[in-house]
Engineer: 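Have a look at this one.
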Amino acid sequence: MFNFAANLSMMFNEVPFTERFARAANIGFKGVEYLFPYGKPKEELAILLKKHQLTQVLFNMPAGDWDSGERGLACLPGREKVFAEGVHKALEYALSLDCNQVHAMAGKLDRQFTLDKQRECYIKNIQYAADVMAEHEINVLIEPINLRDMPGYFLTTPTQAEELLRFIDRKNVFIQLDLYHCQIMEGDLLKTIERLWGKFSHVQVASVPERHEPDSGEINFLWLFSKLDEMGYKGWIGCEYRPVGITEEGLGWLTKAQ
């Protein structure tokens, strides 16, 4: 049986954020993930997790000025200090929430810098984050994100992520394998999973092309789940999708997957 984590940034949007923990637990989810925890005191979030017996599976490090369009800072030369401050802020939350993995968003390409310069900056920043988090046995995740949803993003394919892992060269850095993004950018999902085995520590799912419940769209997720099970995957599967309607009404796929 897999451990599925409800993504509270996308699911249960019928209610305020703090009420989504109860909704997730009532359905039977044992874990939660979401984009950012920083809008709430970490103590309040810790209480919600404990009250509903939920594991905090994942969240993102601070990603810059989100409202102005920034999508991470790791690849942006000149923003290293702000990135480092975000690493330590994320660490504070991770320790309070007993969360053992955080995602560092890469950021968008900036034409005033060469690609090589941004790549060098990205590698050094992820190495810094990994070294800070390693002292507390926390993993740093890097995620390829498709260019349709996030034009101009630096890290876009599993192939690129795998190559960057070699240069980052840190034992606590893994790929966050969102199969929705992977299908859009490269496809061939099973072969990708096989090639990257041992290099990813978290899987996320959503239908393609609409990013809805995983039992719709062009990917046969139930078949992929069976393959992951055969291969011995023990990590979490994050449900990072936008429900078509009321969240609970679209969870028939979850019963089949379990």
Side-chain angles (χ1 to χ4, degrees), residues 1-63 66-67 86 89-103 105 136-139 141 143 149 176-180 201-207 210-217 221-222 225 228-229 233-258:
M1 180 179 293
F2 289 117
N3 292 316
F4 288 95
N7 187 294
L8 301 187
S9 295
M10 291 192 173
M11 302 173 74
F12 308 105
N13 273 247
E14 306 84 12
V15 298
F17 179 73
T18 54
E19 295 179 24
R20 297 173 197 171
F21 292 80
R23 294 281 284 269
N26 288 341
I27 288 173
F29 283 105
K30 301 301 182 184
V32 294
E33 61 179 42
Y34 39 74
L35 290 180
F36 307 106
Y38 313 109
K40 299 291 182 182
K42 53 187 180 295
E43 296 82 5
E44 179 181 350
L45 295 175
I47 289 172
L48 285 169
L49 291 168
K50 183 177 181 180
K51 177 180 179 181
H52 300 292
Q53 297 181 304
L54 291 166
T55 297
Q56 183 69 53
V57 174
L58 173 71
F59 61 84
N60 293 338
M61 294 183 189
W66 191 268
D67 292 338
K89 186 172 185 178
L91 176 61
E92 292 178 7
Y93 272 80
L95 293 175
S96 292
L97 305 181
D98 196 24
C99 181
N100 65 5
Q101 52 185 11
V102 293
H103 168 220
M105 293 192 73
H136 304 276
E137 299 183 345
I138 297 171
N139 293 333
L141 306 190
E143 179 188 21
D149 287 358
Q176 181 174 319
L177 196 62
D178 188 320
L179 298 177
Y180 163 78
S201 65
H202 189 66
V203 172
Q204 290 175 317
V205 297
S207 72
E210 301 298 335
R211 206 170 192 175
H212 293 319
E213 284 84 353
D215 59 348
S216 62
F221 272 111
L222 291 179
F225 291 154
L228 282 167
D229 189 38
Y233 180 68
K234 301 300 182 184
W236 290 87
I237 296 179
C239 305
E240 193 179 41
Y241 66 83
R242 293 185 291 265
V244 173
I246 301 298
T247 301
E248 287 88 345
E249 295 177 356
L251 286 171
W253 69 268
L254 186 60
T255 302
K256 297 176 184 177
Q258 291 176 329

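Numbers here are sequence positions counted from 1. Because only heavy atoms are used, hydrogens play no part in the values below, and waters and symmetry mates are left out as well, while side chains stay in.
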Engineer: Heavy atoms, side chains only, cut-off 4.5 Å: are Phe2 and Asp229 in contact?
Structural biologist: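 A side-chain contact exists here, since the closest heavy-atom pair is under 4.5 Å.
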Engineer: Taking ring pair (Phe, Tyr, Trp, His ring centres under 6.0 Å) as the definition, give me every residue that meets it alongside Tyr34, ordered by chain and number, with sequence neighbours left out.
Structural biologist: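 Once residues adjacent in sequence are excluded, the partners of Tyr34 under the ring pair (Phe, Tyr, Trp, His ring centres under 6.0 Å) criterion are Phe17.
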Engineer: Is Phe12 close to Ile27 at the side-chain level, that is, under 4.5 Å between some pair of heavy atoms?
Structural biologist: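 Yes, close enough: below the 4.5 Å cut-off.
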Engineer: Which atom pair, heavy atoms only, marks the closest approach of Leu35 to Ser9?
Structural biologist: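 Smallest interatomic distance, heavy atoms only, reads N-OG, 2.8 Å.
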Engineer: Is the shortest side-chain heavy-atom distance between Tyr241 and Pro214 below 4.5 Å?
Structural biologist: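 Yes, their side chains come closer than 4.5 Å.
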Engineer: Side chain to side chain contact (heavy atoms under 4.5 Å, CB included) with Asp178: which residues, sequence neighbours excluded?
Structural biologist: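 Partners of Asp178 under the side chain to side chain contact (heavy atoms under 4.5 Å, CB included) test: Glu143, Tyr180, His181, Gln204, Arg211, Glu240.
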Engineer: Check for a donor-acceptor pair, side chain of Glu14 on one end and backbone N or O of Thr247 on the other, with a separation under 3.5 Å.
Structural biologist: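 Indeed, once roles are kept as given, a pair shorter than 3.5 Å links the two residues.
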Engineer: With a 6.0 Å cut-off on the ring centroids, do Trp253 and Phe4 count as close?
Structural biologist: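 Yes; Phe4 has its ring centre under 6.0 Å from that of Trp253.
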Engineer: Nearest 0.5 angstrom please: His136 NE2 to Leu91 CG, how far?
Structural biologist: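 If I round to the nearest 0.5 Å, the distance is 4.5 Å.
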Engineer: Not counting sequence neighbours, which residues clear side-chain hydrogen bond (donor to acceptor under 3.5 Å, both in side chains) with Arg242? List them please.
Structural biologist: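 None.
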Engineer: How close do His202 and Tyr233 get, counting heavy atoms only, and between which atoms?
Structural biologist: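 Answer, listing the atom of His202 first, then Tyr233: CA-OH, 3.5 Å.
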Engineer: Do Gln176 and Leu58 make a side-chain contact, defined as non-hydrogen atoms from C-beta onward lying under 4.5 Å apart?
Structural biologist: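 A side-chain contact under 4.5 Å exists here.
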Engineer: If you draw a 6.0 Å radius around CG in Asp149, do more than 12 non-hydrogen atoms from other residues or ligands fall strictly inside?
Structural biologist: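 Correct, the count exceeds 12.
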Engineer: Within the side chain of Thr55, is there an N or O that forms a donor-acceptor pair under 3.5 Å with the backbone of Gly31?
Structural biologist: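 No, because the side chain of Thr55 does not come within donor-acceptor range (under 3.5 Å) of the backbone of Gly31.
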Engineer: After noting the C-alpha distance and the side-chain angles of Phe59 and Val102, does the key distance pass the side chain to side chain contact (heavy atoms under 4.5 Å, CB included) rule?
Structural biologist: CA-CA 5 Å; Phe59 61 84; Val102 293; 3.7 Å; yes
Engineer: Work out which heavy atom in Gly86 is nearest to a heavy atom in Pro62; give both atom names and the distance.
Structural biologist: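 It is O-CD, 3.3 Å.
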Engineer: Checking Lys42 now: which residues fulfil side chain to side chain contact (heavy atoms under 4.5 Å, CB included) with it, not counting sequence neighbours?
Structural biologist: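 Partners of Lys42 under the side chain to side chain contact (heavy atoms under 4.5 Å, CB included) test: Glu92, Tyr93, Ser96.
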Engineer: Could you walk me through whether Ser216 and Glu210 pass the side chain to side chain contact (heavy atoms under 4.5 Å, CB included) test, one step at a time?
Structural biologist: CA-CA 9 Å; Ser216 62; Glu210 301 298 335; over 6 Å; no
Engineer: Check whether any side-chain heavy atom of Gln101 sits under 4.5 Å from a side-chain heavy atom of His103, and report yes or no.
Structural biologist: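 Not touching, per the 4.5 Å side-chain cut-off.
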Engineer: Given Lys30 and Trp236, is the side chain to side chain contact (heavy atoms under 4.5 Å, CB included) satisfied, shown in steps?
Structural biologist: CA-CA 10 Å; Lys30 301 301 182 184; Trp236 290 87; 4.0 Å; yes
Engineer: Once side chain to side chain contact (heavy atoms under 4.5 Å, CB included) is applied, do any residues pair with Ala25, and if so which ones, sequence neighbours excluded?
Structural biologist: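 Only His52, Leu54 meet the side chain to side chain contact (heavy atoms under 4.5 Å, CB included) criterion with Ala25.
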Engineer: State, with a plain yes or no, whether a side-chain heavy atom of Glu213 is found less than 4.5 Å away from one of Pro243.
Structural biologist: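 In contact.
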Engineer: So which heavy atom on Phe221 is nearest to which on Ala206, and how close?
Structural biologist: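 What the structure gives for the nearest pair is CE1-O, 3.2 Å.
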Engineer: Could you tell me which residues satisfy side chain to side chain contact (heavy atoms under 4.5 Å, CB included) with Leu222, sequence neighbours excluded, listed by chain and number?
Structural biologist: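 Leu222 satisfies side chain to side chain contact (heavy atoms under 4.5 Å, CB included) with Asn220, Phe225, Lys256, Ala257 only.
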Engineer: Taking all non-hydrogen atoms of both residues into account, name the closest pair between Ala46 and Leu97 and its distance.
Structural biologist: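 Smallest heavy-atom distance, with atoms named: N-CD2, 3.6 Å.
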